Amino acid sequence: MVVLENPSDVKAISGSGYYIALRVGFAFPLEEVNELPSTWVNHYTKLRFMLQDPVIRWIYSNTGTVRWSEIEIEDPLRVLDQAQTFGLRYGVAVSCFDENSDGQRSFGHFARSDREFEADEVAALYAYILRLHREKAPPTNLTDAELEALAMVKDGMRLKQIAHELGVSEGAVKQRLKNAKTKLGAQTSAQAAAMVRDFGLV
């Protein structure tokens with residue numbers, strides 16, 4: 001049984017590279033990792049393959065996993081044929097969506113040059129992406145008061161200004177920010193504010 005714990009494990013079974021996008025909303029992912037060959041990325045970008053790429057089209061209309069060789073979507077620009085010339089001969093796509101209200105999905109595609117991905121590798125890649133997708137879910141336990149204070153931090157306001165604006169003591173603001181940092185696993189108020197901004201909560 002294959003278990004993927006970290007990026008080095010993913011790299012070990014995706015010898016030709018991989019791409020992961022987490023919590024993709026309307027346009028941009030919350031986080032992405034691009035370990036595809038730079039020559040392929042440049043070629044792909046220059047020729048504007050994304051909208052016609054059968055792998056990406058499959059990802060946005062399906063959930064689960066599929067080997068590239070099993071995708072039954074037209075490829076008029078021969079994206080997959082061209083990928084082979086860059087060492088991306090065999091691949092698998094993974095797409096996760098948990099019916100969240102923001103419509104955010106996470107996905108990845110992984111490539112090898114030597115053979116098809118085995119069934120246990122495909123299952124492990126899906127489990128890995130699903131775990132990351134869940135870990136990056138927006139927190140649901142922040143209070144309105146905590147979010148309000150974080151929004152003001154995001155806007156560059158100082159502690160004294162926030163307290164004055166909210167009509168509370170500086171100690172109360174400190175406690176709200178401390179609670180928010182604990183819930184988010186953030187080291188600083190600025191980091192917590194950036195996190196809630198990226199989650200679209202403020």
Side-chain angles (χ1 to χ4, degrees), residues 2-138 198-200:
V2 177
V3 178
L4 304 175
E5 297 289 341
N6 53 55
S8 62
D9 293 339
V10 176
K11 196 168 188 176
I13 67 167
S14 306
S16 294
Y18 64 92
Y19 175 83
I20 294 172
L22 301 175
R23 293 278 164 181
V24 183
F26 177 70
F28 302 106
L30 180 63
E31 184 178 319
E32 66 182 334
V33 179
N34 191 342
E35 291 290 335
L36 293 168
S38 59
T39 50
W40 170 244
V41 173
N42 292 338
H43 182 74
Y44 187 99
T45 304
K46 182 179 177 182
L47 296 179
R48 301 176 183 161
F49 280 162
M50 186 169 178
L51 294 179
Q52 294 296 323
D53 183 348
V55 175
I56 296 297
R57 290 170 62 202
W58 184 91
I59 281 168
Y60 275 98
S61 57
N62 295 275
T63 57
T65 64
V66 68
R67 291 182 181 88
W68 292 357
S69 59
E70 299 166 341
I71 295 175
E72 296 180 353
I73 296 174
E74 288 186 22
D75 187 4
L77 300 183
R78 299 178 59 246
V79 177
L80 293 179
D81 288 343
Q82 292 185 58
Q84 292 186 25
T85 67
F86 291 84
L88 291 77
R89 183 169 180 80
Y90 303 97
V92 63
V94 173
S95 181
C96 302
F97 177 63
D98 54 13
E99 306 298 328
N100 60 81
S101 60
D102 296 328
Q104 295 178 337
R105 72 176 54 231
S106 296
F107 63 82
H109 48 95
F110 310 86
R112 301 181 63 100
S113 61
D114 55 346
R115 61 168 174 80
E116 289 278 19
F117 284 83
E118 295 173 0
D120 59 343
E121 294 171 330
V122 174
L125 288 167
Y126 181 79
Y128 183 75
I129 296 297
L130 184 60
R131 176 169 61 83
L132 295 181
H133 179 75
R134 289 175 174 160
E135 287 174 358
K136 295 294 180 181
D198 290 345
F199 284 131

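None of the values given here were measured: they were computed from a predicted structure.
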Stepwise salt bridge (Lys or Arg N to Asp or Glu O under 4.0 Å) test for K136 and E31: CA-CA 9 Å; K136 295 294 180 181; E31 184 178 319; 2.7 Å; yes
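- Residue T65 holds its OG1 atom at 12.0 Å from CG of L130, rounded to the nearest 0.5 Å.
- Considering only heavy atoms from C-beta on, V24 stays 4.5 Å or farther from Q104 through its side chain.
- The line from CG of L30 to CG of L132 is 11.5 Å long, rounded to the nearest 0.5 Å.
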Check against side-chain contact (heavy atoms from CB on, under 4.5 Å), F110 and I20: CA-CA 9 Å; F110 310 86; I20 294 172; 4.1 Å; yes
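- Ring-centre distance between F49 and H43: below the 6.0 Å cut-off.
- Nearest heavy atoms, G17 versus L36: C-CD2, 3.8 Å.
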Verdict with reasoning, W58 to S95, per side-chain contact (heavy atoms from CB on, under 4.5 Å): CA-CA 9 Å; W58 184 91; S95 181; 4.1 Å; yes
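- A cation-pi arrangement is present between R105 and F97 under the rule of less than 6.0 angstrom and at most 45 degrees off the ring axis.
- Counting heavy atoms from C-beta on, the side chains of Y128 and D9 never come closer than 4.5 Å.
- Applying the salt bridge (Lys or Arg N to Asp or Glu O under 4.0 Å) definition to pairs two or more places apart or across chains, those involving residues 68-78 are R67-E70, R78-D81.
- Once rounded to the nearest 0.5 Å, the distance linking CG of D114 with OG of S16 reads 7.5 Å.
- In this structure, the side chain of S106 does not engage the main chain of H133 through any donor-acceptor pair within 3.5 Å.
- For the residue pair Y19 and E32, a side-chain donor N or O sits within less than 3.5 Å of a side-chain acceptor on the partner.
- When all heavy atoms are compared, the tightest approach of F117 to G91 is CE1-CA, 3.8 Å.
- Heavy-atom contacts from other residues, nucleotides or ligands closer than 6.0 Å to CZ of R48 number 12 or fewer.
- With values rounded to the nearest 0.5 angstrom, Q84 atom CD is found 7.5 Å from Y90 atom OH.
- Every residue was checked against the side chain to side chain donor-acceptor pair (under 3.5 Å) condition with R57, not counting sequence neighbours, and none meets it.
- Contact between A21 and P29 at its shortest, heavy atoms only, is CB-CB, 4.0 Å.
- Once rounded to the nearest 0.5 Å, the distance linking CZ of F86 with CG of N42 reads 9.0 Å.
- The two atoms that bring W68 and L88 nearest to each other are CZ3-O, 3.6 Å, heavy atoms only.
- Annotation for P54 and V79: closest pair CD-CB, 4.2 Å, computed over non-hydrogen atoms.
- S14 and E35 form no side-chain donor-acceptor contact under 3.5 Å, judged by distance and modelled atom types alone.
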From CA spacing to verdict: side-chain contact (heavy atoms from CB on, under 4.5 Å), V66, V92: CA-CA 6 Å; V66 68; V92 63; over 6 Å; no
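- Interatomic distance, L4 CG to Y126 OH, rounded to the nearest 0.5 Å: 14.5 Å.
- Judged by distance alone, the side chains of D53 and Y44 do bring a donor and an acceptor atom under 3.5 Å apart.
- A donor-acceptor contact shorter than 3.5 Å links the side chain of E121 to the backbone of E118.
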